[in-house]
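To keep things clear, I will list the structure first and then write my remarks on it.
Just so you know, these numbers come straight off a predicted model, no measurement behind them. As a basis for the values below, the full set of heavy atoms in this structure was taken, side chains included, without hydrogen atoms, waters or symmetry mates. In each ligand, atom 1 is the first atom listed, and ligand 1 is the first ligand listed.
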Amino acid sequence: MNTSAESRTILVTGGAGFIGANFVLEWIEQVGTRVVNLDKLTYAGNLANLDSLRGDARHVFVQGDIGDPVRVAQLLGDYRPWAVVNFAAESHVDRSILGAGEFIETNVLGTFRLLEAVRHHWQALPETERGGFRFLHVSTDEVYGSLGPSEPAFTEQHNYRPNSPYSASKAGSDHLVRAWHHTWGLPVLTTNCSNNYGPYQFPEKLIPLMILSAMQGKPLPVYGDGQNVRDWLFVTDHCAAIRTVLDRGVPGEVYNIGGNCERANLEVVRAICRTLDELLPDSPYRPHERLITFVQDRPGHDRRYAIDSSRIKRELGWEPTVTFEEGLRQTIRWYLEHEQWVSGVQSGEYRKWIAANYAQRAA
Ligand code: NAD
Ligand code: TYD
């Protein structure tokens, strides 16, 4: 590796999870500088996502917690990254309903401890390095709460009204990030993104859960009436937006990122079924729509999310490039072609989660 690759090192947290792994893989392919990847490897972290980087000196994997100040300070001192990109979080709403503790621990306290370690490091940097340093915090549209059917999409000015333990813990982390900028001038950037989908997503989330269940002839558990709306973004578009914000975003500012693609859950599940009918003409489970089963709703289920991403388009020139139809087809093909990855994640721990979350939701 040449020295310029090392001198533009970034520290990514949570880079063995879904979005983090996609970001690391793309960064190394497209930017090519070194990535130090700090991940605790919870149930959602999976080193198999990073298999293609084995033996590549530009990827340094470190198993550890963002809430461990000694470890974080050591990494910052040893590798001197110019940027920290914080993906590490507990990310699943249903898990936050069955147990919020880990969400508060990582999303609130972990972010606080990470911010403190980064602030101490940043304050000690020479003047020449301090100005170019960035801390980018990856957050969610869920902090804004739920929209009525005809309300305008969330802008960066929308009030925070988080409704689930997950979104409340992410809102808490966003406020901490904001305060570390306002109080100490830490050069932070915050991105609030809509629902992502694509390769390497853990199959507890809607799209991969429905793809794998349909392939395997299992029921497709649609919560409530299936009319809750999400704004879907293909994961590589999210990664491109984060690179754009790192490159050109103004410290202290917030950027909303969305797919301009609102879909009701039932519509998404039906689109998955139709695509599988086409890609698996010999499947005994065709038509896959037969597997759709309405189950008890999620408590406090947000009805609609939609992001207004006009700011990032206008000021930084980013917009989504992958249509939902293309992205969904690409995602379904990826799950069909990665049997080994799928059997690895559908292990004992995963089966326990499915039993815990769905047993209580009688059809
Ligand atoms: P994920 O659950 O797939 O991955 C999270 C990763 O963080 C895992 O690798 C896990 O091992 C790691 N991690 C958890 N706790 C940690 C800790 N204390 N220290 C170090 N690592 C830890 O999540 P994701 O879907 O990839 O989401 C990444 C980020 O993007 C999260 O902050 C999430 O809130 C945000 N986000 C996600 C979506 C989405 O649709 N998935 C949308 C908007 C924003
Ligand atoms: P999810 O992927 O958990 O993301 P989020 O809750 O963060 O938006 O869920 C997306 C939508 O799909 C949400 O409205 C809940 C719904 N859903 C189901 O209907 N059935 C399921 O089994 C799951 C996991 C989600």
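- Nearest non-hydrogen protein atom to atom 5 (P) of ligand 2 is Glu142 OE2, 3.5 Å.
- Here atom 37 (C) of ligand 1 lies nearest to Ile19 when heavy atoms of Ile19, Asn196, Thr140 are compared.
- Heavy-atom separations between Tyr166 and ligand 2 are all 4.0 Å or longer.
- The protein non-hydrogen atom at the shortest distance from atom 5 (C) of ligand 1 is Ala89 O, 3.5 Å.
- Across the listed options Arg304, Arg361, Arg230, Arg230 owns the non-hydrogen atom lying nearest to atom 8 (O) of ligand 2.
- Closest to atom 19 (O) of ligand 2, if we only count protein heavy atoms, is Tyr223 N, 2.9 Å.
- Contact annotation: for His92 versus ligand 1, there are no heavy atoms closer than 4.0 Å.
- Taking atom 12 (O) of ligand 2 as the reference point, the nearest protein heavy-atom neighbour is Asn265 ND2, 3.3 Å.
- Inspection of the His137 and Thr111 side chains reveals no N or O donor paired with an N or O acceptor under 3.5 Å.
- With salt bridges taken as basic N to acidic carboxylate O contacts below 4.0 Å, none links Glu102 and Arg95.
- For atom 20 (N) of ligand 2, the nearest non-hydrogen atom of the protein is Pro221 O, 2.8 Å.
- Protein heavy atom nearest atom 15 (C) of ligand 2, with residue, atom name and distance: His301 NE2, 3.4 Å.
- Of the listed options His137, Lys170, His238, Gln201, Lys170 places a heavy atom closest to atom 32 (O) of ligand 1.
- No heavy atom of Tyr197 sits closer than 4.0 Å to any atom of ligand 1.
- The nearest heavy-atom contact from the protein to atom 3 (O) of ligand 2 is Arg298 NH2, 3.0 Å.
- In terms of protein heavy-atom proximity, atom 2 (O) of ligand 2 is closest to Leu206 N, 2.8 Å.
- Atoms of ligand 1 found under 4.0 Å from any heavy atom of Val138, numbered from 1 in the order shown, are 30 (O), 32 (O).
- Ring centroids of Trp184 and Trp122 are separated by 6.0 Å or more, keeping the two rings apart.
- When each atom of ligand 1 is checked for a heavy atom of Ser194 under 4.0 Å away, the hits are 42 (C), 43 (C).
- Using a 4.0 Å cut-off to heavy atoms of Leu41, the atoms of ligand 1 that qualify are 11 (O).
- Atom 22 (O) of ligand 2 has Tyr358 OH, 2.6 Å as its closest protein atom, hydrogens excluded (heavy atom only).
- For Phe202 and Tyr43, the ring centers sit closer than 6.0 Å to each other.
- Using a 4.0 Å cut-off between heavy atoms, Ile207 makes no contact with ligand 2 at all.
- At least one cation-pi condition fails for Arg298 and Tyr223: the charged atom is not both under 6.0 angstrom from the six-membered ring centre and inside a 45 degree cone around its axis.
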